[in-house]
Every structure is written in structure tokens, then in C-alpha cells.
Amino acid sequence: MSGVSRRTLLGYSGSAAAGAVVASSGSAQAAESQAAGAQAAAARTADAEQASAVEWPPGGEFTGYSSLAAEDASMTVRFSLEIENAPSGQNVTPLDLADAINKMLDERGWPRIQFHGMVRTPLN
């Protein structure tokens, strides 16, 4: 909202102007919220594109962690994948495995896991 108080606006320019400023600040906050949401979505897309562009080494290990705070439960998941001479239609990527694991976790009420490999970029 603007730095001008409603009382100052009422005393200076009448209630119609004050109402217009208050209403415009609400729509400005909504626009800021939409912009922040769009930036977050763009960041997730950029992260996914960056992860898919990384050359993950064959046989590299991926690790991720998830917890259920209310139950004081946690899990660590590690996997590695090495495929030799697979036709392109039958190839399985580490991202395919990470997505399958997260789908199963979603179905069982666990938070999704962000996996990391030997490079700093997250797999998913």
C-alpha cells in the first residue's frame, strides 16, 4: 500500500480519492503476487531445463531426502542407473526414475524428493 494514510487522504481530498487510492493499492498487490508466481514458475522451468541439459555420468548416484515432521519419520533414497546399448525408445533416464519415485511417494502421502547427483544441479 502507499505511504499515505487514509486519514491524510480523507482530510486532504475527500473520501472518493481515498477510496480510489486504497482500491488501486489492492490491485497493485494482486499484480505483484501474480508477478511473483510467474517468476517462481519460470525459475522451476529454468531449473528443469538446466537439469535436462546436464550430462549425468553413467552409473552416477543420486540421493534425496524426505520427512514427515508430524510423524517424526524420514527417508533417504539413493539410486544409480547405468544402461548400455539401449535403443532410444527403451532408454530410461535418471529423471524418469526420480519422477516414478516421487509419484509413488505422492500416492503414499510423503513429500516429493529433490534428487542431487555428482554435479550441483538438482536432477528434478
Side-chain angles (χ1 to χ4, degrees):
M1 198 165 153
S2 70
V4 181
S5 73
R6 183 179 169 107
R7 175 178 277 187
T8 302
L9 286 171
L10 286 172
Y12 179 71
S13 60
S15 61
V21 169
V22 170
S24 69
S25 68
S27 60
Q29 287 173 346
E32 288 174 7
S33 177
Q34 287 177 343
Q39 285 177 338
R44 284 190 300 272
T45 301
D47 287 345
E49 289 173 357
Q50 183 181 12
S52 66
V54 171
E55 289 292 325
W56 300 102
E61 185 174 286
F62 297 91
T63 304
Y65 175 83
S66 183
S67 66
L68 292 173
E71 302 295 326
D72 195 29
S74 65
M75 80 167 70
T76 300
V77 178
R78 289 182 186 89
F79 69 88
S80 63
L81 175 67
E82 190 168 345
I83 297 177
E84 296 179 19
N85 303 322
S88 62
Q90 281 77 34
N91 197 22
V92 176
T93 68
L95 185 57
D96 293 334
L97 288 177
D99 289 343
I101 290 169
N102 277 320
K103 180 179 177 187
M104 180 187 63
L105 293 177
D106 285 341
E107 291 169 357
R108 302 212 177 149
W110 284 84
R112 295 178 62 82
I113 294 178
Q114 185 174 50
F115 289 96
H116 294 272
M118 296 169 55
V119 294
R120 289 180 148 321
T121 304
L123 173 63
N124 58 338

Starting from the C-alpha separation in whole Å, work towards a yes-or-no answer on side-chain contact (heavy atoms from CB on, under 4.5 Å) for Glu61 and Thr63.
CA-CA 7 Å; Glu61 185 174 286; Thr63 304; 3.7 Å; yes
Correct closest heavy-atom pair for Gly117 and Phe62 would be CA-CD2, 3.6 Å
Discussion item. When you measure from the side chain of Asn102 to the backbone of Ile113, do you find a donor-acceptor pair of N or O atoms at a distance under 3.5 Å?
Written reply: yes
To the nearest 0.5 Å, atom OG of Ser66 lies from atom CD1 of Ile101 at 11.5 Å
CH2 (Trp110) and CG (Leu68) are apart, to the nearest 0.5 Å, by 4.0 Å
Acceptor/donor pairs from residues 69-93 side chains to any protein atom, 3.5 angstrom cut, sequence neighbours excluded:
unit_1	atom_1	unit_2	atom_2	d
Thr93	OG1	Leu95	N	3.4
Thr93	OG1	Asp96	N	3.0
Thr93	OG1	Asp96	OD1	3.4
Thr93	OG1	Asp96	OD2	3.2

### Task
Find out whether Leu105 and Arg112 are in side-chain contact, i.e. whether some heavy atom of one side chain is under 4.5 Å from a heavy atom of the other.
no
